[in-house]
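Here's the structure, in structure tokens; my notes come after.
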Amino acid sequence: MCGIAGIIAASASARLPLMLASIAHRGPDASAWHMNGTATLGTVRLALVDRPTSQQPMSDPSGRHTLAFNGEIYNYRELREELRSRGVEFRTEGDTEVLLQAMIAWGPAALPRLRGQFALAFWDAESSTLLLARDRFGIVPLFWHSAGDEFAFASEVKALAAAGYRTPLSVRDVVDAGVLWGLHPGRSCFQGVSSVLPGGYLVLNEGAVKEQLYWEFAFAETRDDSGLEAQATRLRALFAEAVGRRIPEDGDPAVLLSGGLDSSAVLATMRKALPDSQIDTYSIRFASSALDEAPFQQLAAEHFTTSHDSIVCDDEAIARGLAEAVRHAESPLVRTAPAATIQLAARIQDRATRAVLSGEGADELFCGYDLFKIAEIRDAWARDPDGPDRLDAIELVMAQQKELGRAVERAFYEQGVDAPDDPVFSHINRWAASHHITRYLRADLRERFPLDSVLDGVRDRLPERFESWSAVERAQFLEVRYFLTHTLLANQCDRPYMSHSIEARYPFLDEDVVDYALTLPQESKLRGRDEKRVVKAAMSDLVPREIVDRIKQPYTAPEGDAFRSPTGTQLLEVYASAEAVEQLGIFDPKRVAWLVNKLQRTRTSFHDDLALLWVVSVQMLAMQYGVGDPDADE
């Protein structure tokens, strides 16, 4: 992967080097920019494909078209042959020129043909038209800013700030990020800064911006009824192709190994494809036994004979990585996991590994979270209030989470149970609980963001077909749109790994795998308490039974205890002191002081820890970027 930036204006050459320098971590191998008419496009390159000749930005021989591209196109060889059959001649062997020629030949119609993870900027000097686009799930970031006669874009917001554009925090969006654990598509945490839609593209011409989707997450109207065994066979074949496409062309292949089914499936599939090759695996271990998955990580590493390396994170280590994690995420955090990922990325970089495969996406596509089981139980409860005590069923689902301090409370799960047709039915418990973070805002801001106003932002953006899906499928959609795209793929993956020039790749988010998953009936994914049924069936003879059959453990890093460590205490003194809170003007100093005192005096709840992390990370960003006028929030 790389980093890209650009400005459409009469003169921008002095600012492009500043933009590229601010995102140099995304591309340590080369940095270049190119002027073409009124457009100046730049790239910092992490060279993983065709290192010698695929320099960027790249123009076609006529000089009319220029491309700046961040990511990988896994089917570029097939596309190159198709374009050659149309008379296109190629000067290089990589995916960049193939993408350039595909955009010339087909325009936006090229986007659905792409298999990969990408963000691109395509400029046509003759028509003075810019096209920006992202992959289906927004794996690769891309932001844009329009002010007066200038339009700018960049992989990270810090590059826009480096060019001199004003990018203060948007209070509304940092509230959404904290409550929803994600942002609405197209939003960022900064006023005046938008994000190119996942699965979408933007066209700029004569100062007018038009946005459109080329792909939407939607369940198929006709489902595959071939049965679990046949479905598992099909999924296994598609997944093998997806893993094969993502194995790096140079260097030893590597896998991020959590010890769960998903990462083990990636590793097992890779080992089958490469029976005699060295495979590197990397893991995060935690000092807390309740969070640590080391036995399963070691089991998988030994079973598949990998060269395994891991780091151990304790409270102090999490606190030490927190400021860096926030700086790269450019978003307030709702979990400390990115701070652990930052440290693992540093270890991977020390080992000279440049690309790693990961299991993200499987839980959302195949119903791996307890959230989906509970959504189904609550839906049945709502439609049959006088039936069996559904809390008993929820108790069984949540039993394995007790060590993590997640108790089952009737009042929590009863909330909203009388409104099963509410579009946010599956998430209202989580989001209502998370909304408690707003109690630490200053008084006038608290009044601006009642729960329903935040939830209406979700309701108002749902697709027409949403109502036709089951309660579980609605939950899947919401989890993909908010948690997967923002919290996992952005904050916990792209930003931490790219901060150390590491590209993470996701076979479960392969286009063919996703398209097939969306045709599967719900019972092939979830039946009762049995989650990811088709994945388990597909991997039953590849992955050790101890891993296939283990109870799903959510990946969780230390939360509140990190602020009790020496470095955590220092973070509170810098960012949560009365003086700092008063100066930035977002939060109520007395309420924040009460929360900090509670942390220092006694045990805190999960939601106390969430609030404190959100407050501290918002303060970190506010000190760096400033705070926008809440009245100007769109």
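Because the structure is predicted, anything quoted here is derived from the model rather than measured. All heavy atoms count here, side chains included; hydrogens, waters and symmetry mates do not.
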Going by heavy atoms in the side chains, are [X] and [Y] under 4.5 Å from each other?
X: Glu150; Y: Ile8; answer: no
X: Val209; Y: Phe151; answer: yes
X: Leu130; Y: Leu132; answer: yes
X: Leu20; Y: Trp33; answer: yes
X: Tyr482; Y: Thr487; answer: no
X: Met620; Y: Arg327; answer: no
X: Cys313; Y: Ile284; answer: yes

Tell me whether [X] contacts the main-chain N or O of [Y] through its side chain, where contact means a donor paired with an acceptor under 3.5 Å.
X: Arg439; Y: His436; result: yes
X: Gln476; Y: Glu364; result: yes
X: Asn70; Y: Cys2; result: yes
X: Ser577; Y: Ala580; result: yes
X: Arg45; Y: Ala30; result: no
X: Arg461; Y: Pro185; result: no
X: Ser263; Y: Ser258; result: yes
X: Gln343; Y: Ala317; result: yes
X: Gln349; Y: His500; result: yes
X: Ser565; Y: Ala562; result: yes

(Q) Please identify which of these residues, Val266, Ile139, Asp262, Leu489, meets the side-chain contact (heavy atoms from CB on, under 4.5 Å) condition with Glu360. (A) Leu489
Q | Criterion side-chain contact (heavy atoms from CB on, under 4.5 Å) against Phe190, the qualifying member of Leu169, Leu160, Asp173 | A | Leu169
Going by atom types only, do [X] and [Y] share a side-chain donor-acceptor pair under 3.5 Å?
X: Tyr625; Y: Arg166; answer: no
X: His184; Y: Arg187; answer: no
X: Thr281; Y: His308; answer: yes
X: Ser188; Y: Ser195; answer: no
X: Ser605; Y: Asp608; answer: yes
X: Glu316; Y: Thr567; answer: yes
X: Tyr282; Y: Thr353; answer: yes

Q. Can Arg134 and Gln117 be said to form a side-chain contact (heavy atoms from CB on, under 4.5 Å), step by step?
A. CA-CA 8 Å; Arg134 289 174 80 192; Gln117 52 193 70; over 6 Å; no
Q: Please assess Leu257 against Phe296 for the test side-chain contact (heavy atoms from CB on, under 4.5 Å), listing each intermediate value before the final yes or no.
A: CA-CA 9 Å; Leu257 187 60; Phe296 294 101; over 6 Å; no
May I ask you to say whether [X] pairs ionically with [Y], meaning some side-chain N is under 4.0 Å from a carboxylate O?
X: Arg246; Y: Glu72; answer: no
X: Asp444; Y: Arg446; answer: no
X: Asp309; Y: Arg351; answer: yes
X: Arg320; Y: Asp315; answer: no
X: Arg481; Y: Glu479; answer: no
X: Asp350; Y: Arg347; answer: no
X: Glu324; Y: Arg495; answer: no
X: Arg603; Y: Asp561; answer: yes
X: Asp29; Y: Arg354; answer: yes

Exercise: identify the closest heavy-atom pair between [X] and [Y]:
X: Met19; Y: Ala154; answer: CE-CB, 4.2 Å
X: Thr167; Y: Ala161; answer: OG1-CB, 3.8 Å
X: Ser426; Y: Leu371; answer: O-CD1, 3.5 Å
X: Ile4; Y: Ala121; answer: CD1-N, 4.1 Å
X: Pro332; Y: Leu621; answer: N-CD1, 3.5 Å

Q. Run the ring pair (Phe, Tyr, Trp, His ring centres under 6.0 Å) check on Trp614 and Phe587 step by step: do they pass?
A. CA-CA 11 Å; Trp614 180 68; Phe587 299 106; 5.4 Å; yes
**Q.** Steps toward side-chain contact (heavy atoms from CB on, under 4.5 Å) verdict (Arg335, Trp181)
**A.** CA-CA 9 Å; Arg335 54 197 296 173; Trp181 298 12; 5.7 Å; no
Q: Check the pair Phe69, Phe118 against ring pair (Phe, Tyr, Trp, His ring centres under 6.0 Å), reporting the backbone distance first and the verdict last.
A: CA-CA 7 Å; Phe69 158 52; Phe118 59 87; 7.3 Å; no
Q) Between His486 and Asp176, does a side-chain contact (heavy atoms from CB on, under 4.5 Å) hold up when you go through it step by step? A) CA-CA 11 Å; His486 180 79; Asp176 285 342; over 6 Å; no
Q. Quick check: are there more than 12 heavy atoms from other residues, nucleotides or ligands sitting under 6.0 Å from CG of Asp629?
A. yes
